[in-house]
Asks: 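This is the structure I want to talk about, given as structure tokens.
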Protein chains: 2
Amino acid sequence: MGITKSELFEKRQNRMALLAKAFDHPARVAIMEYLLNNQTCICNDLVTELPLSQSTINQHLKELKQIGIIKGEIEGPKVNYCIDVAVWEEARDMFMNMFSKPVAANLCD
Amino acid sequence: MGITKSELFEKRQNRMALLAKAFDHPARVAIMEYLLNNQTCICNDLVTELPLSQSTINQHLKELKQIGIIKGEIEGPKVNYCIDVAVWEEARDMFMNMFSKPVAANLCD
DNA sequence: TCTATTTACCGTAATATTACGTTATAACAG
DNA sequence: CTGTTATAACGTAATATTACGGTAAATAGA
């Protein structure tokens, strides 16, 4: 994107924005869902599963790893990816907290 | 961004990615939180509240409106913004569903 | 009518994202 | 050693995002 002035917002708001990025692209939603259903995967599993090239999928894995919500363990020539439970739970708590706030009935129509 | 090949993913995954965009920038998190706490707001409230220019804030409001998670009602020279409850609940359901799936203990370290 | 308030829109610059092809590397089987 | 498989890394092009200043339009009130 352009420059995001993250220094001007609360730490918590920046953190939530970062974690939301794990879900803000359909490929990353698909990858997270795959990991939820299969515990682990290697890049090639996703290449078979998703209609994207290996390099594109690898880029999404890299971004998810950068966010911290997944981890990769090198195992010979492969890398085993899995969800980082601590970060996953942090994200869950943040979204739960956001969505647990009461919302008034539509006030403008 | 670059081109997102949304036609290649499930409708649900594209929908989730869209809704996640309401939270993938700290300014939008701040706007959503402001609306949760105050029910409604006008653009100028946010200009006072947030360290961003009016045009930038207006752009974020436009994006949130495009996502559908907020609505705007014209009232004289002002526009009253509020959360669209139906879309909010759709987002809540999607994230709840995502985070309700059991996550295996870390399988790679 | 004049003015202040409020918002929307335009243009711009800088930067990030998405996607792919290509190439490099590392482990393993034969 | 060679070929296969798996992944990462590099370069690129196209497009989206973020942010701002400036400007225009619309309403409310003096």
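Only this structure's heavy atoms are used, side chains among them; waters, hydrogens and symmetry mates stay out. To find a chain, count down the sequence lines: A is the first, B the second, and so on, and within it residues start at 1.
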Asks: Carefully, step by step, assess B:Leu36 and B:Ile83 under the rule side chain to side chain contact (heavy atoms under 4.5 Å, CB included).
Replies: CA-CA 8 Å; B:Leu36 282 168; B:Ile83 291 174; 3.6 Å; yes
Asks: Please list, by residue number, the residues of residues 54-62 of chain B whose heavy atoms come closer than 4.0 Å to an atom of DNA chain C; answer none if no residue qualifies.
Replies: B:Gln54, B:Ser55, B:Asn58
Asks: Among D:dT7, D:dA8, C:dT6, find the nucleotide with the atom closest to the side chain of A:Asn44.
Replies: D:dT7
Asks: Give a yes or no on this: more than 12 heavy atoms of other residues, nucleotides or ligands lie within 6.0 Å of atom NZ of A:Lys62.
Replies: no
Asks: Need one value for B:Ile42: base, sugar-phosphate or nothing, where a base atom within 4.0 Å counts as base even if backbone is also close, heavy atoms only.
Replies: sugar-phosphate
Asks: Please give, in whole Å, the distance from D:dG21 P to B:Leu52 CG?
Replies: 11 Å
Asks: OP1 or OP2 of C:dT6 versus the side-chain N and O atoms of B:Tyr81: is any pair under 4.0 Å?
Replies: no
Asks: Evaluate the ring planes of B:Phe95 and A:Phe95, with Trp represented by its six-membered ring, and classify them as parallel (under 30°), tilted (30 to 60°) or perpendicular (over 60°).
Replies: parallel
Asks: Run the side chain to side chain contact (heavy atoms under 4.5 Å, CB included) test on A:Tyr81 and A:Lys71 for me, step by step, so that the C-alpha distance in whole Å, both residues' side-chain angles and the decisive distance to 0.1 Å come before the verdict.
Replies: CA-CA 6 Å; A:Tyr81 292 98; A:Lys71 298 195 288 188; over 6 Å; no
Asks: Expressed as a whole number of angstroms, how long is the span from B:Lys5:NZ to D:dA13:C1'?
Replies: 13 Å
Asks: Could you go through the side chain to side chain contact (heavy atoms under 4.5 Å, CB included) check for B:Met98 and A:Val29 one step at a time?
Replies: CA-CA 9 Å; B:Met98 172 69 76; A:Val29 173; 4.1 Å; yes
Asks: Can you check the B:Asp24 CG to D:dT17 P distance for me, whole Å?
Replies: 9 Å
Asks: Separation of A:Ile67 atom CD1 from C:dT17 atom C1', in whole Å?
Replies: 12 Å
Asks: For A:Ser6 and for A:Cys43, locate the closest nucleotide of DNA chain D by heavy-atom distance; then report the residue assigned to the nucleotide nearer the 5' terminus.
Replies: A:Cys43
Asks: What does B:Ile74 touch in the nucleic acid at a heavy-atom separation under 4.0 angstrom: a base, only the sugar-phosphate, or nothing?
Replies: nothing
Asks: Verify side chain to side chain contact (heavy atoms under 4.5 Å, CB included) between A:Leu19 and A:Val87, making sure each step is shown before the conclusion.
Replies: CA-CA 9 Å; A:Leu19 294 171; A:Val87 178; 3.8 Å; yes
Asks: Rounded off to whole Å, could you give me the CD-to-C1' distance for the B:Glu7 and C:dT18 pair?
Replies: 13 Å
Asks: Test B:Ser53 against B:Ser55 for side chain to side chain donor-acceptor pair (under 3.5 Å), laying out the working first.
Replies: CA-CA 5 Å; B:Ser53 74; B:Ser55 53; 3.3 Å; yes
Asks: What's the CD-P distance between B:Gln66 and C:dC9, to the nearest Å?
Replies: 11 Å
Asks: Return the nearest nucleotide to the side chain of A:Lys21; candidates are D:dT17, C:dC20, C:dT17.
Replies: C:dT17
Asks: From C-beta outward on B:Ile3, which listed nucleotide comes closest to its side chain: D:dT18, D:dT15, D:dA26?
Replies: D:dT15
Asks: Does D:dA26 have OP1 or OP2 sitting under 4.0 Å from an N or O in the side chain of B:Lys78?
Replies: no
Asks: Can you work out whether A:Glu63 or A:Gly76 has the more 5'-proximal nearest nucleotide on DNA chain C?
Replies: A:Glu63
Asks: Nearest whole angstrom, please: distance from the C1' of C:dA19 to the CZ of A:Arg28.
Replies: 13 Å
Asks: Separation of A:Ile70 atom CD1 from D:dT7 atom P, in whole Å?
Replies: 12 Å
